[in-house]
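Since the structure is predicted, the reported quantities are computational estimates derived from the model, not experimental observations. Naming convention: chains lettered A, B, ... in sequence-line order (proteins, then strands); numbering from 1 in each chain. Only this structure's heavy atoms are used, side chains among them; waters, hydrogens and symmetry mates stay out.
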Amino acid sequence: MPEGNEIHRWAARHTAAFAGKKVRVDAPTSSRFEDADRLDNKLLLNVRAVGKHLGYNFGKDRILHVHLGMYGDFTEGTGELAPEKGALRIRLWNAAAVKLGTQPGESKRHAWYSNDDGTGHIAPEKVAWVELRGPTDCSIWTEAKWATLLERLGPDPLNGDKPLRFVEKITKRKTPVGALMMDQTVAAGIGNIYRAELLFRARLSPFAAGSTVPATTLAAIWKDAIPLMKAGMVDRRIVTTKPKDRPTKKTGAPLKEEAHYVYRRHGKPCLLCGTTILTKIMAGRNLFWCPSCQAAENAKD
DNA sequence: GCCTTATGCTCAC
DNA sequence: TGAGCCTAAGGCT
């Protein structure tokens, strides 16, 4: 269940593991991915990421497009290939690093990040195989189709894009800013956690019409998003609270219950003012906000 | 075990 | 606006 931070993280790891190498690709015949043969044993040139989309570039107008959707995820490992356990699993592996025909390896989901101390972490260049399950899309795209995607998506904080288009797209609309933040044509890669947390950190009401939000506030949100999302790439964990705002004042990796200001904290007191955090569906997803810190009147013209 | 929920998105109405 | 996609985890009983 990824936002842009995880997608870019996978792109970086899979680049380190597979780019410039001959990659084996397979998928069960029962899966929806029929084209594994077109990529199997081909040289992977590079891996792209934009917003929540991944593109594995095999050259010759063959880009394996992966979108994880709500449920998709990767498992990764070293050495022996994990056994297939379901119909929809698609596997990529380094032709040179993985020996087949040995005892099946054990697929330990997320073994490399199971503890905050990094126990079990696999250095990206040591990854020999990845297994993909449950993606919304896994299909071979042409460069033209990828270009269409880039045209549609808004700027991506993790791709060095400037905030100008983000600011313009929001200030032109009367739609609540909390809904616009989820729109991938406004900003690519921001999802439900970052929406809630970025708005809180800016003390901005999610209900403020886009046109009423000062450009300086939006530019500040963009500037805030970049390091926050980069941090989420490192440890695959979204942390948005500042140590001084945590009840324990703990620095470094925070407790689970003090990693966010508002996301999934409805019914609990605001970490800053004690007001009860509220929730409501906006843009089809559960929005969380502090009605006091993010009062509508905070949004100035 | 069962039920709910989830960092996403598309399509039909 | 709601259903559907599809998978796993967590909180219950």
Who pairs with C:dA3 - Watson-Crick or G-U, where each distance is under 3.5 Å:
B:dT10
A:H8 and A:D156: side-chain donor and acceptor closer than 3.5 Å?
yes
Work out how far the P atom of B:dG1 is from that of C:dC6, and round it to whole angstrom.
25 Å
In whole angstroms, the gap separating P of C:dT7 from CZ of A:R89 amounts to 8 Å
How long is the line joining CD of A:E257 and P of C:dG11, in whole Å?
12 Å
B:dT10 and C:dA8, which share atom name C1', separated by this distance in whole Å
22 Å
Within 45° of the six-membered ring axis of A:Y263 and under 6.0 Å from that ring's centre, is NZ or CZ of A:R265 located there?
no
Please check if the distance between the ring centroids of A:H14 and A:F74 is under 6.0 Å.
yes
Determine the interatomic distance between P on C:dG11 and the same-named atom on B:dT7; round to the nearest Å.
16 Å
Suppose the criterion is ring-ring contact (aromatic ring centres under 6.0 Å, His included): which pairs have a residue in residues 207-256 of chain A, not counting sequence neighbours?
A:F166-A:W222, A:F207-A:W289
Any chance you could list the contact pattern along nucleotides 4-9 of chain B? Use B for base contacts, S for sugar-phosphate-only contacts and - for none, protein heavy atoms under 4.0 Å, 5' to 3'.
-SBBBS
Rounded to whole Å, CZ of A:F74 lies from C1' of C:dC6 at a distance of 16 Å
Which atom pair, heavy atoms only, marks the closest approach of A:A123 to A:R13?
C-NH2, 4.3 Å
Sole residue of A:V262, A:L272, A:T275, A:I277 in side chain to side chain contact (heavy atoms under 4.5 Å, CB included) with A:C293:
A:L272
